Amino acid sequence: MNPKHIALISSELGISGKQAENTMALLSEGSTVPFISRYRKEVTGSLDEVQIGRIEDLQKRYKEVDDRRDFIIKTITEQEKMTPELLSKIENTWVLAELEDIYLPYKPKRKTRATVAIEKGLEPLATLLFEQQDGDISAAETFINEQVATSEEALKGARDIIAEWINENAECRDKLRKLFANTGKLTSKVVEGKEAEGDKYKDYFEFSEDLREMPSHRVLAILRAEHEGILFSSIAPVEEDANALISKQFVTGKGKAAEQVTKAAADAYKRLLRPSLENEFRTAAKEKADQEAIEVFAENLRQLLLAAPLGPKGVIAIDPGYRTGCKIVALDNQGNMLDNDVIFPLEKNYKRDDAEALLKKWAAKYDTEAIAVGNGTAGRETEEFVKKIDFGKKINVFMVNESGASVYSASEVAREEFPEHDVTVRGAISIGRRLIDPLAELVKIDPKAIGVGQYQHDVNQSSLKQSLDRVVVSCVNNVGVNLNTASKHLLAYISGLGPSLAENIVKYRKENGAFSNRMQLKKVHRLGDKAFEQCAGFLRIENGDNPLDNSAVHPERYDLIKEMAAKQHSTVQDLMGKEELRKQINPKDYVSAEVGLLTLEDILKELAKPSRDPRDEISIFEYAEGIHKMEDVKPGMVLPGVVTNITAFGAFVDIGVKQDGLVHISHLSNKFISNPNEAVKLNQKVQVTVLEIDVARKRISLSMKDNEKGGGGGSQQQGARRESRGEQPHQQKKVNKPAAKEAPLNDFQAKLAALKNKFDN
């Protein structure tokens, strides 16, 4: 393990060298991020998943720098140009851009204006001029030959050589890089004739802003518009400042020789340095914007995956439709399909009565406890129809986000699960399963299809996938899965498994029946000791041989818990069920070289609430009555809504009109916030005030400020419109979780509503 890597990582993350070293060692041994953060707290000093993930990323980055450094050293050495000073400089550089600057003079060159001039024998003239010791440039005449016709041509060739020297000077590039970083502006202009076509990018037709202060969504909007041929953009500091900086370093004399160097310096900046650094900063700006957008997407995805589940209950799921009717399926409490059909509840004739009769019949026959209605076309109307039915018992109705359901229904996964059914049936099944357990169902869909991101199609797709996969893994392991009911798609995300072992587990279940204890995992084909160590604590077995198997306690600590129980003269089951017994345990009595206080405290917490689902409990949400389409919405209305997407510039809220409204960041809170996540979370139930409606452009401007202070529009309302223009290509993609009851206005009302709901159920 490279000691320099350890020092760099510990410094960058603000952790001790021991924490960095130990974590890197665990990662190199094949331990996963969820396993390390949950079961190796003493080793890492209680680092969380984010910190461990950063260590993993930095380790890879420094490995890439090492690989590039080795190549550069090898290349320069082969050229016989390596010196002790140069080697020291290369070995102590850890930023790739700086490493490339050092390498630039030694990099094999394609044919350039400078190399052509050197071939013509003009390098001595360039050296003479560059020294600037004599104001006389008449020496240029001595370089006239068959290839150089005039003294001016000789001077031009010499300037080309000098320009390349300046371009390859690491000190100069470093100074210019700092100038770009501190004062560079991103400027954009509309391409002539593209004004009408690019109307949504109108704010960027004549635009300039300091690059270091630009939010990610504006950078990505401009780059997208440029890609579409609407804008052209540039990144640079003030040209005079750049030229002055270069001249200060290289123009050291006076007279005509100095004038030649001044010209060469200006040419070096315009032709070589500026394009190179602009490209570097454009790439860096894109990477930074990508990272911020990916972080927004990742946080949204985390909140979506951890949405409140209904739990194992019988469900009727409805995929709404007008002309083609509503596809309905009945699911048991594990999400297995029991029946399917089509109803036409939105017809005014007898078909409406038939639909009601069939739903009543199914509700009784299949012991239905809830009905899931997709939130797409005809969703509101179908929901209202179902809510009016008297089922003779309490059946809650939930609006469920169906974004991405069509992607699932046409996927290989869906065809494998339901080969005998068409896409409409599969879509309805997905809607119902999302209500029962959103995490278990959503892992089957490419996260990009769920639509909770910001510019997810513009960012680096490899980085996006890596980040989103890490979120899915984190969520699945945080919740844990039932070993005997989980699909192979869900099991594949469990620490240490992957698709192959997940499939082997499902195959073992089919051949041998349900697992009765975790140790049976070792009988699964190719599931060895390392995989068992990584996965066992995240897999649950209900009503198995050992009550600890239905908890997050790792099997490696079972003997320790037996020891605790024995000292209390009780069984493990008693220890888990009786608080008074656990209170008598002093964790310090069990500290050893292998187990520290952090792990012992986790164990005692888990014994108190084994297999507790960290997700919230689901609740009912109701849209405002009489609000079905944009034409029903008027400025000044206060409406209930659900947060469906969070971006860097605000949050989108579904108010039940098939078009999400935007709450600009300036209208999310009465106090200043820099990040929308400070004010809202995905799927949060909120009250919003309507500021403005634009039916033609399908835009709704909303405010979450309190009604007394936040009802007005003013400059902030205009700011919301400006920020949204050209930057919301995905605003119609709704990502409603299983819907929930309107959010109470204060803590007292929240408690009252919770009590009422408890007694109602």
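Atoms considered below: every heavy atom in the structure, side chains included; atoms not considered: hydrogens, waters and symmetry mates. Quantities reported herein were computed from a predicted structural model and do not represent experimental measurements.
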With a 4.5 Å heavy-atom cut-off, do [X] and [Y] have their side chains touching?
{"X": "Lys530", "Y": "Ser31", "answer": "yes"}
{"X": "Asn22", "Y": "Thr44", "answer": "no"}
{"X": "Leu211", "Y": "Phe281", "answer": "yes"}
{"X": "Leu245", "Y": "Leu176", "answer": "yes"}
{"X": "Leu26", "Y": "Val43", "answer": "yes"}
{"X": "His667", "Y": "Val688", "answer": "no"}
{"X": "Val476", "Y": "Val481", "answer": "yes"}
{"X": "Ile90", "Y": "Ile76", "answer": "yes"}

Answer yes when [X] and [Y] have at least one side-chain N-carboxylate O distance shorter than 4.0 Å, and no when they do not.
{"X": "Asp57", "Y": "Lys60", "value": "no"}
{"X": "Arg68", "Y": "Glu100", "value": "yes"}
{"X": "Lys4", "Y": "Glu91", "value": "no"}
{"X": "Lys185", "Y": "Glu209", "value": "no"}
{"X": "Glu85", "Y": "Lys89", "value": "no"}
{"X": "Lys107", "Y": "Glu168", "value": "no"}
{"X": "Glu226", "Y": "Arg282", "value": "yes"}
{"X": "Arg177", "Y": "Asp101", "value": "yes"}
{"X": "Arg699", "Y": "Asp694", "value": "no"}

Candidate list Asn683, Leu442, Asn645, Val471, test side-chain contact (heavy atoms from CB on, under 4.5 Å), partner Leu304, passing option: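 Exactly one option meets the side-chain contact (heavy atoms from CB on, under 4.5 Å) with Leu304, and it is Leu442.
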For the atom pair [atom1] ([X]) and [atom2] ([Y]), what is the distance rounded to the nearest 0.5 Å?
{"X": "Leu490", "Y": "Lys444", "atom1": "CG", "atom2": "NZ", "value": "8.5 Å"}
{"X": "Leu58", "Y": "Ile6", "atom1": "CG", "atom2": "CD1", "value": "13.0 Å"}
{"X": "Lys200", "Y": "Asp203", "atom1": "NZ", "atom2": "CG", "value": "13.0 Å"}
{"X": "Cys535", "Y": "Leu491", "atom1": "SG", "atom2": "CG", "value": "9.0 Å"}
{"X": "Ile15", "Y": "Ile9", "atom1": "CD1", "atom2": "CD1", "value": "7.5 Å"}
{"X": "Glu197", "Y": "Glu228", "atom1": "CD", "atom2": "CD", "value": "8.0 Å"}

Criterion side chain to side chain donor-acceptor pair (under 3.5 Å) on Thr183 and Arg212, from CA distance to verdict: CA-CA 8 Å; Thr183 67; Arg212 64 178 178 175; over 6 Å; no
Verify side-chain contact (heavy atoms from CB on, under 4.5 Å) between Tyr39 and Phe538, making sure each step is shown before the conclusion. CA-CA 11 Å; Tyr39 297 112; Phe538 303 106; 3.7 Å; yes
Verdict with supporting geometry, Ser233 and Leu231, side-chain contact (heavy atoms from CB on, under 4.5 Å): CA-CA 6 Å; Ser233 67; Leu231 304 175; 5.8 Å; no
Derivation and outcome, side chain to side chain donor-acceptor pair (under 3.5 Å), residues Gln303 and Glu299: CA-CA 6 Å; Gln303 294 175 30; Glu299 180 55 32; 2.8 Å; yes
Run the salt bridge (Lys or Arg N to Asp or Glu O under 4.0 Å) check on Arg69 and Asp66 step by step: do they pass? CA-CA 5 Å; Arg69 186 198 331 277; Asp66 278 341; 3.2 Å; yes
Tell me whether the guanidinium CZ or amine NZ of Arg61 lies under 6.0 angstrom from the six-membered ring centre of Trp94 and within 45° of its axis.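 Arg61 over Trp94 ring: no.
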Show your working on side chain to side chain donor-acceptor pair (under 3.5 Å) between Asp48 and Ser37 and close with a plain yes or no. CA-CA 5 Å; Asp48 60 30; Ser37 65; over 6 Å; no
Plane angle bin for Phe649 and Phe652 - parallel if under 30°, tilted between 30 and 60°, otherwise perpendicular: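 Judged by the thresholds at 30° and 60°, the geometry between Phe652 and Phe649 is perpendicular.
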Check the orientation of Tyr269 and Phe180. Use parallel for under 30°, tilted for 30 to 60°, and perpendicular for over 60°.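 It falls in the tilted class, 30° to 60°.
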Other residues, nucleotides, ligands: >12 heavy atoms within 6.0 Å of Lys63 NZ: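 Atom NZ in Lys63 is not crowded, with 12 or fewer foreign heavy atoms closer than 6.0 Å.
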Quick check: are there more than 12 heavy atoms from other residues, nucleotides or ligands sitting under 6.0 Å from NZ of Lys681?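 It does: Lys681 NZ has more than 12 such atoms within range.
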Name all pairs fulfilling the salt bridge (Lys or Arg N to Asp or Glu O under 4.0 Å) condition that reach into residues 16-36, sequence neighbours left out, sorted by first residue then second.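 Applying salt bridge (Lys or Arg N to Asp or Glu O under 4.0 Å) to every pair that reaches into residues 16-36, excluding sequence neighbours, yields nothing.
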Just do the salt bridge (Lys or Arg N to Asp or Glu O under 4.0 Å) check on Arg159 and Glu164 with the steps written out, would you? CA-CA 9 Å; Arg159 291 198 301 270; Glu164 190 160 285; over 6 Å; no
Check against side-chain contact (heavy atoms from CB on, under 4.5 Å), Asn2 and Tyr62: CA-CA 10 Å; Asn2 193 321; Tyr62 292 130; over 6 Å; no
Assess the residue pair Arg38 and Glu49 against the criterion (salt bridge (Lys or Arg N to Asp or Glu O under 4.0 Å)); give the C-alpha distance rounded to whole Å, side-chain angles, the decisive distance to 0.1 Å, and a yes or no. CA-CA 9 Å; Arg38 180 68 177 83; Glu49 286 190 11; over 6 Å; no
Verdict with supporting geometry, Thr23 and Gln19, side chain to side chain donor-acceptor pair (under 3.5 Å): CA-CA 6 Å; Thr23 305; Gln19 286 177 295; over 6 Å; no
Dump the intermediate steps for salt bridge (Lys or Arg N to Asp or Glu O under 4.0 Å) on Lys178 and Asp174, then the final yes or no. CA-CA 6 Å; Lys178 289 175 181 175; Asp174 184 56; 3.5 Å; yes
Between Cys172 and Leu273, is the side-chain contact (heavy atoms from CB on, under 4.5 Å) condition met? List the steps. CA-CA 9 Å; Cys172 176; Leu273 285 163; 4.2 Å; yes
